[in-house]
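Reviewing the structure listed below.
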There are 2 protein chains.
Amino acid sequence: MPNAVNFLVKNKSTILYGVFLAALLFLLKWLELRFIIINHAFEIYVGAIAVLFTALGIWLALKLSKPKTILIEKEIFTEKPSTFVLNEKELNNLNISKRELEVLQLMSEGLSNQEIATKLFVSLNTIKTHNARLFEKLEVKRRTQAIETAKRLSLIP
Amino acid sequence: MPNAVNFLVKNKSTILYGVFLAALLFLLKWLELRFIIINHAFEIYVGAIAVLFTALGIWLALKLSKPKTILIEKEIFTEKPSTFVLNEKELNNLNISKRELEVLQLMSEGLSNQEIATKLFVSLNTIKTHNARLFEKLEVKRRTQAIETAKRLSLIP
DNA sequence: TTCCTCCTCATACTTTAGGGTGATTTTGAA
DNA sequence: TTCAAAATCACCCTAAAGTATGAGGAGGAA
């Protein structure tokens with residue numbers, strides 16, 4: 001039962017089309033019988049039908065045609081790709097240890113040696129030693145240069 | 001002259017359509033005269049014409065209709081454009097002068113106070129004064145913090 | 001002109017950073 | 001277990017950075 005209903009719904013356009021065609025034929029025949037219009041009216045009928053059904057075809061096509069989709073790629077610049085990826089190659093290449101990198105990060109956050117020492121639970125002298133090693137490996141002379149270089153090499157964000 | 005050509009080109013479809021209609025009528029008439037087919041063949045003619053011109057209408061509509069477009073914006077995340085734009089609002093807000101910004105930039109490049117002084121043809125003490133003002137305005141205590149804050153506020157690249 | 005800001009410089013002092021050296025402990029790999 | 005690198009710490013010294021205060025000159029706005 002639902003199959004029949006489904007069939008009706010799915011072929012609604014076709015059915016309507018057939019009904020419309022029948023009605024039109026009936027109308028034409030009725031006109032012919034009633035008024036016996038001009039002789040050779042055949043061509044007029046055909047023309048009218050052609051125009052009507054062409055219009056119907058156009059309407060059907062426009063109604064049923066699937067819209068063509070166009071993909072437009074829109075570039076969106078993110079504020080800053082927060083996804084920092086550490087340059088491990090350079091890290092290994094420069095032979096910088098975990099602890100040294102840790103100190104380097106805190107240094108770049110603006111912490112003083114004493115603050116870094118407190119944070120890592122070690123002495124100030126230890127941090128100074130780490131710094132000296134870092135500067136040597138990064139081939140710089142000051143912490144500000146170390147930060148600049150490390151950022152450039154993606155060792156720190 | 002080009003107007004006539006232009007007219008032909010522009011109404012190509014319409015003209016073809018008319019020619020096709022005429023040819024079809026001629027064909028039907030010829031068939032009628034030649035074979036005098038089944039009586040009441042009128043309905044068959046009309047049906048055939050209807051089907052043909054519906055198809056023609058559909059073809060025309062699909063051919064000529066502008067495509068219905070659905071815009072789908074696809075976000076493409078790209079690297080942050082390397083074009084640095086200075087945050088002038090914040091600069092004015094913090095009341096940082098041109099010279100101070102200049103010192104700040106050189107500071108972020110890892111230069112020492114002495115190097116900055118030499119580069120700007122002023123004395124070391126002058127740079128120290130600028131620094132003190134900068135730290136006050138940026139509400140920081142060290143140059144490394146100043147650099148970190150200034151970068152975060154887009155005062156320097 | 002007067003006033004204000006910016007830029008400049010100096011002096012004196014404190015704090016922090018950095019260099020050099022040496023040493024001990026931890027730890028991971030051979 | 002042994003060895004080397006890593007991590008830890010100390011001491012001493014110098015260099016650089018930062019603080020505080022005062023002051024003079026240049027230039028723009030009222």
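Chain A is the first sequence line, chain B the second, and so forth, proteins listed ahead of strands; every chain is numbered from 1.
Interface residues of residues 130-157 of chain A facing DNA chain D, ordered by number: A:His130, A:Arg142; criterion, heavy-atom separation under 4.0 Å. Within residues 95-125 of chain B, the residues approached by DNA chain C to less than 4.0 Å at the level of any non-hydrogen atom are B:Asn95, B:Ser97, B:Lys98, B:Arg99, B:Val122, B:Ser123, B:Asn125, in residue-number order.
Tested against B:Glu100, the residues B:His130, B:Arg133, B:Gln105, B:Lys137 include a single side chain to side chain donor-acceptor pair (under 3.5 Å) partner, B:Lys137.
Look at A:Arg99 and A:Glu102 and you find a salt bridge, because one of the NZ, NE, NH1 or NH2 atoms lies within 4.0 Å of a carboxylate O, short of that distance.
Side-chain atoms of A:Asn87 do not come within 3.5 Å of backbone N or O of A:Ser154 as any donor-acceptor pair. Side-chain atoms of A:Arg143 never come within 3.5 Å of backbone atoms of A:Met107 as a donor-acceptor pair (strictly under, hydrogens ignored).
Along DNA chain C, the stretch of nucleotides lying under 4.0 Å from any heavy atom of chain A spans, 5' to 3', C:dA17 to C:dG19.
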Practice problem: Could you go through the side chain to side chain contact (heavy atoms under 4.5 Å, CB included) check for A:Leu120 and A:Thr126 one step at a time? | Solution: CA-CA 10 Å; A:Leu120 298 182; A:Thr126 303; over 6 Å; no

Exercise. Verify side chain to side chain contact (heavy atoms under 4.5 Å, CB included) between A:Glu109 and A:Glu115, making sure each step is shown before the conclusion.
Key: CA-CA 11 Å; A:Glu109 292 171 15; A:Glu115 287 170 336; over 6 Å; no

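Atoms CD and CG, on B:Glu136 and B:Asn95 in that order, are 11.0 Å from each other to the nearest 0.5 Å. For the atom pair B:Leu155 CG and B:Glu88 CD, the distance stands at 10.5 Å (nearest 0.5 Å).
Under the 4.5 Å side-chain heavy-atom criterion for ILVMFWY residues, no single connected hydrophobic cluster contains both B:Leu153 and B:Val85.
The two residues A:Ala146 and A:Phe135 come nearest to each other via the heavy atoms CB-CE2, 3.7 Å.
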